[in-house]
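Chain letters run A, B, ... following the sequence lines, proteins first, then strands; residues in each count from 1. Hydrogens, waters and symmetry mates are skipped; everything else that's a heavy atom, side chains included, is used.
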Amino acid sequence: MQSTNHHPFTKGLLSWYRQHARALPWRQTQDPYAIWLSEVVLQQTRVAQGLPYYLKLLEVFPTVESLAQAEESVLFRHWQGLGYYSRARNLHKTAKLVVSDYHGKFPATYNDLIQLPGVGPYTAAAIASFAFGEAKPVVDGNVFRILARYFGIETDILHSSARKEFTDVAMELIPQDQPAEFNQAIMDFGSLQCSPAPLCASCPLSLTCFAFQQKRIQDFPVKQKKAKQKNRYFNYFILEQGGQVLVRERKERDIWSGLWEFYLVESAQEEELESLVEMDDNLSTMFSNATVQFLKSPKLHILSHQKIYCRAWHVQVPDNLDISNLAGFQWIQPEDFEKLGKSVLLLNLITDNLHLKIFNDSMPR
DNA sequence: AAGGCGGGGCG
DNA sequence: CGCCCAGCCTT
């Protein structure tokens, strides 16, 4: 029995592991070469996907010497289909380096291991603990997720400071006398129990888990959404009739909701004026007899998550054309439009076109 | 500090 | 289709 001064998390985790440990081949060895090989294969790779590659690689290259002597092309052929091919290149580099600089014996400490090509904080901790019993916690996606949930850590795991913070927490939890068991356990726990879609109903740690107790499992780990900068193409038409302009309030669930703007046609890509008019029924009607002028405008407007390519036209609509009932739009005096909230993009557009009579009569500045 | 690198499984 | 996986390296 272990001493009872372990954190409740650690006790519960190790207890769970005694009943649920997966029998994985790289756990049947203490050979740092085999362990290193498995860890590199498993970087960003599911066990089920990496397992056959590991077995085959160990069969073809049973020792670090055999790997070091192999042609890189042979290694690549065996790596093919596994992805992240720089792993194979670094694998070969490290094998040759271990043979040439370390007499074929892997360095035995975290600090030396992490110097090897393709060996980062996670892999160094894994080898150090599994092969040499050094008490360094592994901190991978599983550990981020588990600790964030259990302790309610709000730190964005994509932030540069996150690794240190989570490593510090894990360092407090890892038992000095059985670091390998702890590290294996926390990864099985992350894979089988506290997975991205966790099985809280059967979890022995749920009673002391912050996220579960607060019913906030969905909130952890905190991970900033990738702001996939989308390209958008805004085509503004400043429609004028009898000294008034056609405007509307943006109300949809989108940028600038609540602000006012001119007639907008958004397209999926850059379009010619003719295509835009053709695509838009209202424009088709109004353009039948109108005077159109291409306007200077901000070409590009950048938001945190969107790049907006902008073009604009001024359209003088004939007075005799009745287009009063456009849903959501209204004709307005320019001096009244001036008082309404507008996006910076639109303000810039106006500033660029103060020569238009409707603007220089009404807009201050 | 941010981006790139792969293929596959899952909801 | 987006997210995630036993991360690491480069810029």
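- Between A:Tyr85 and A:Phe76, the ring planes are parallel. Angles under 30° get that label, and only those over 60° would be called perpendicular.
- Rounded to a whole Å, the OH atom of A:Tyr110 is 12 Å from the C1' atom of C:dG7.
- Here the P atom of nucleotide C:dA6 and the CG atom of A:Asp140 are 7 Å apart, to the nearest Å.
- The pair A:Glu154-A:Arg216 meets the salt-bridge criterion, with a side-chain N (NZ, NE, NH1 or NH2) lying under 4.0 Å from an Asp/Glu carboxylate O.
- Outside the 6.0 Å centre-distance limit, the rings of A:Phe182 and A:Tyr17 are not counted as a close aromatic pair.
- Counting only Watson-Crick or G-U wobble pairs whose defining distances are both under 3.5 Å, the stems of 3 or more consecutive pairs in DNA chain B are B:1-5 with C:7-11, B:7-11 with C:1-5.
- Mapping A:Arg46 and A:Ser161 onto DNA chain B by nearest heavy atom places A:Ser161 at the nucleotide closer to the 5' end.
- With rounding to whole Å, A:Tyr85 atom OH is found 18 Å from C:dC9 atom C1'.
- Taking atom CD of A:Gln43 as the reference point, atom P of C:dC9 lies 8 Å away to the nearest angstrom.
- Considering only the side chain of A:Ser160, B:dA1 comes nearest among C:dC8, C:dA6, B:dA1.
- Backbone-only engagement by A:Gly81 is indicated by non-hydrogen atom pairs under 4.0 Å involving sugar-phosphate atoms exclusively.
- Regarding A:Gln49, its CD atom lies at a distance of 5 Å from the C1' atom of B:dG8, rounded to whole Å.
- Taking atom CG of residue A:Leu42 and atom C1' of nucleotide C:dC4, one finds them 15 Å apart after rounding to whole Å.
- Within the nucleic acid shown, A:Leu24 comes within 4.0 Å of at least one base atom, counting heavy atoms only.
- Ring-plane geometry between A:Phe337 and A:Phe262 is classed as tilted, the angle between the planes lying from 30 to 60 degrees on a 0 to 90 degree scale.
- With B:dG6, C:dC8, C:dA6 as the choices, the nucleotide that has an atom nearest any side-chain atom of A:Thr45 turns out to be B:dG6.
- Using a 3.5 Å distance cut-off with no hydrogens or angles, the side chains of A:Thr63 and A:Tyr33 do not pair a donor with an acceptor.
- C:dA6 sits 24 Å from B:dG3 when the P atoms are compared, rounded to a whole Å.
- Among the protein residues, A:Trp26 comes within range of the nucleic acid bases, having at least one heavy atom under 4.0 Å from a base atom.
- Look at A:Arg89 and you won't find any side-chain N or O under 4.0 angstrom from OP1 or OP2 of C:dC8.
- Contact annotation: A:Ser38 does not reach the phosphate of C:dA6 (side-chain N/O to OP1 or OP2, under 4.0 Å).
- Look at A:Lys223 and you won't find any side-chain N or O under 4.0 angstrom from OP1 or OP2 of C:dC3.
- Comparing the P positions of B:dG6 and C:dT10 gives an interatomic distance of 14 Å, to the nearest angstrom.
- At the heavy-atom level, A:Val119 lies under 4.0 Å from the strands shown only through sugar-phosphate atoms.
- Across all strands, A:Asn183 comes closer than 4.0 Å to no nucleic acid atom at all (heavy-atom distances).
- The 5' end of DNA chain C is approached more closely, in terms of each residue's nearest nucleotide, by A:Arg145 than by the other of A:Leu116 and A:Arg145.
- In this structure, CD of A:Gln44 is placed 17 Å from P of B:dG3, rounded to the nearest angstrom.
- Contact of A:Tyr84 with B:dG6 (side chain to base): a donor-acceptor pair of N or O atoms is detected under 3.5 Å.
- Nucleotides of DNA chain C nearest to A:Arg22 and A:Lys93 differ in position, and the one nearer the 5' end is that of A:Arg22.
- Aromatic ring centres of A:Tyr263 and A:Phe329: separated by under 6.0 Å.
- Side-chain rings of A:Phe210 and A:Phe151 stay apart, their centers remaining 6.0 Å or farther from each other.
- No contact: A:Gln80 has no heavy atom under 4.0 Å from any strand.
- Going from atom CZ of A:Arg87 over to atom C1' of C:dA6 covers 10 Å, rounded to whole Å.
- Put simply, the side chain of A:Phe237 does not reach to within 4.5 Å of the side chain of A:Val292, judged on heavy atoms.
- Distance check on atom C1': C:dC4 versus B:dC5 gives 15 Å, rounded to whole Å.
- In summary, the aromatic rings of A:Trp26 and A:Tyr54 are positioned with their centroids under 6.0 Å apart.
- Each of A:Ala197 and A:Ser86 lies near DNA chain B, and the nucleotide nearest A:Ser86 is the one positioned closer to the 5' end.
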